[in-house]
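What you are looking at is a predicted structure, and each value in this text was computed from that prediction instead of being measured.
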Amino acid sequence: AAEIAGAGAVMSEFPPGTGPEPGNFPRRNRIICGLSIGTIVVESDVDGGAMITAMMALDQDREVFAVPGTVHSRKSRGCHALIRDGKARLVERIDDVLAEIAQCLPAAGNRRPRGGDPASALLPPERVIYDLLGGEPVQVDDLAARSNVAIPDLLVRLLALEMKNLVRQLPGKYFMRQP
């Protein structure tokens with residue numbers, strides 16, 4: 001919370017010092033999706049926590065997106081159900097999301113600033129990932145090993161970097177810096 005407060009805002013309906021207890025996640029996620037334009041579900045079983053958040057986002061009239069996965073994984077079933085039932089838009093690339101939310105973004109919101117270091121305004125967790133990328137594509141598993149960041153967290157950070165137009169995703173979950 002202290003790190004976030006230095007570069008953002010900390011909001012909670014729980015008293016200070018309340019620990020990250022699983023029973024509190026749905027209430028926390030209700031606030032997060034209420035503050036967001038949309039929610040992207042990357043992996044979830046049909047009864048997973050991400051599905052609770054997706055339903056909250058729908059109740060709040062927010063966009064819901066889902067990344068499909070292999071039909072052999074339980075962690076893909078929730079995403080597939082959202083897409084199948086018309087509750088979420090299919091996401092294969094960041095452009096799929098940006099096309100849907102473009103009207104909600106400031107005119108220059110998805111462009112890199114000119115001059116200087118394009119990554120100067122990154123949050124520390126994003127900067128770690130950005131610094132590991134270069135002009136050559138790196139597969140997400142290799143990036144996870146090099147960064148010591150769990151793949152679900154890594155994918156969230158990579159998505160944030162894509163939305164800032166600093167990183168590009170290539171087929172096969174390869175990532176590289178934008179030229």
Side-chain angles (χ1 to χ4, degrees), residues 1-69 74-83 85-106 109-110 119 121-130 140 143-144 147 149-167 169 173 175:
E3 184 179 330
I4 293 169
V10 176
M11 298 178 67
S12 177
E13 57 188 290
F14 298 104
T18 300
E21 299 169 22
N24 296 340
F25 294 169
R27 289 175 64 187
R28 176 203 62 192
N29 291 357
R30 177 182 52 80
I31 294 171
I32 292 170
C33 66
L35 293 169
S36 304
I37 295 169
T39 297
I40 301 173
V41 181
V42 177
E43 284 187 337
S44 182
D45 201 344
V46 292
D47 58 355
M51 294 296 285
I52 296 169
T53 304
M55 294 303 123
M56 288 178 188
L58 289 168
D59 288 344
Q60 296 178 36
D61 201 27
R62 302 294 191 252
E63 295 289 338
V64 176
F65 303 92
V67 179
R74 294 182 67 85
K75 292 181 179 181
S76 298
R77 294 187 331 174
C79 293
H80 293 176
L82 287 168
I83 295 166
D85 297 342
K87 294 179 178 177
R89 288 179 168 54
L90 172 76
V91 174
E92 294 177 309
R93 301 179 61 232
I94 187 64
D95 295 338
D96 299 332
V97 175
L98 294 177
E100 290 298 322
I101 65 169
Q103 72 277 6
C104 301
L105 299 174
N110 61 350
L122 292 179
L123 297 173
E126 296 169 345
R127 185 63 191 229
V128 168
I129 304 307
Y130 183 79
V140 72
L143 194 54
S147 67
V149 174
I151 289 181
D153 295 332
L154 178 61
L155 290 171
V156 168
R157 294 176 190 177
L158 287 165
L159 178 62
L161 290 167
E162 281 185 89
M163 292 185 77
K164 293 175 181 178
N165 202 28
L166 294 172
V167 169
Q169 182 177 175
K173 290 284 185 210
F175 295 85

- Item | Distance, nearest 0.5 Å, that separates CG of Leu58 from CG of Leu82 | 7.5 Å

- Item | Criterion side-chain contact (heavy atoms from CB on, under 4.5 Å) on Met55 and Lys87, from CA distance to verdict | CA-CA 9 Å; Met55 294 303 123; Lys87 294 179 178 177; 4.0 Å; yes

- Rounding to 0.5 Å, atoms CG (Leu161) and CG (Leu122) come to a distance of 6.0 Å

- Task: Return each pair, listed once, that meets salt bridge (charged side-chain N to carboxylate O under 4.0 Å, His left out) where at least one residue sits in residues 6-20; pairs must be two or more places apart or across chains.
- Result: Glu13-Arg27, Glu13-Arg30

- Query: Can you name the side-chain hydrogen bond (donor to acceptor under 3.5 Å, both in side chains) partners of Ser76, sequence neighbours left out?
  - Reply: none

- side-chain hydrogen bond (donor to acceptor under 3.5 Å, both in side chains) with Glu126: which residues, sequence neighbours excluded? Lys164

- Item | Rounded distance (nearest 0.5 Å) linking atom CG of Leu154 with atom CG of Leu143 | 4.5 Å

- Counting only N and O atoms by type, is there a donor-acceptor contact under 3.5 Å from the side chain of His80 to the main-chain atoms of Pro68? no

- Quick one: closest heavy-atom pair of Pro15 and Thr18, and the distance? O-OG1, 2.7 Å

- Looking only at heavy atoms, which two atoms of Val41 and Cys79 are closest? And how far apart? O-SG, 3.4 Å

- Note on the structure: Interatomic distance, CD1@Ile94 vs CD1@Ile40, rounded to 0.5 Å, equals 5.5 Å

- Message: As a quick check of understanding, evaluate side-chain contact (heavy atoms from CB on, under 4.5 Å) for Leu158 and Val140, giving each step before the final call.
- Response: CA-CA 9 Å; Leu158 287 165; Val140 72; 4.2 Å; yes

- Identify, with sequence neighbours excluded, every residue that meets side-chain contact (heavy atoms from CB on, under 4.5 Å) alongside Pro26. Ile52, Met56

- Query: Taking only residues two or more places apart in sequence, or in another chain, which ones meet Lys173 in a side-chain hydrogen bond (donor to acceptor under 3.5 Å, both in side chains)?
  - Reply: Gln169

- Message: Could you report the tightest heavy-atom contact between Val97 and Val91, atom names first, then the distance?
- Response: CG2-CG2, 3.8 Å

- Item | Any donor-acceptor pair under 3.5 Å from Arg62 side chain to Ser36 backbone | yes

- Message: Does any part of the side chain of Val67, heavy atoms only, come nearer than 4.5 Å to the side chain of Leu155, both counted from C-beta?
- Response: no

- Query: Considering all heavy atoms of both residues, which atom of Ala88 and which atom of Phe65 are nearest to each other, and what is their separation?
  - Reply: CB-C, 4.0 Å

- To the nearest 0.5 angstrom, please state how far the CZ atom of Arg28 sits from the SG atom of Cys33. 11.0 Å

- Item | side chain to side chain donor-acceptor pair (under 3.5 Å) contacts touching residues 39-52 (sequence neighbours left out) | Asp45-Arg74, Asp45-Arg77

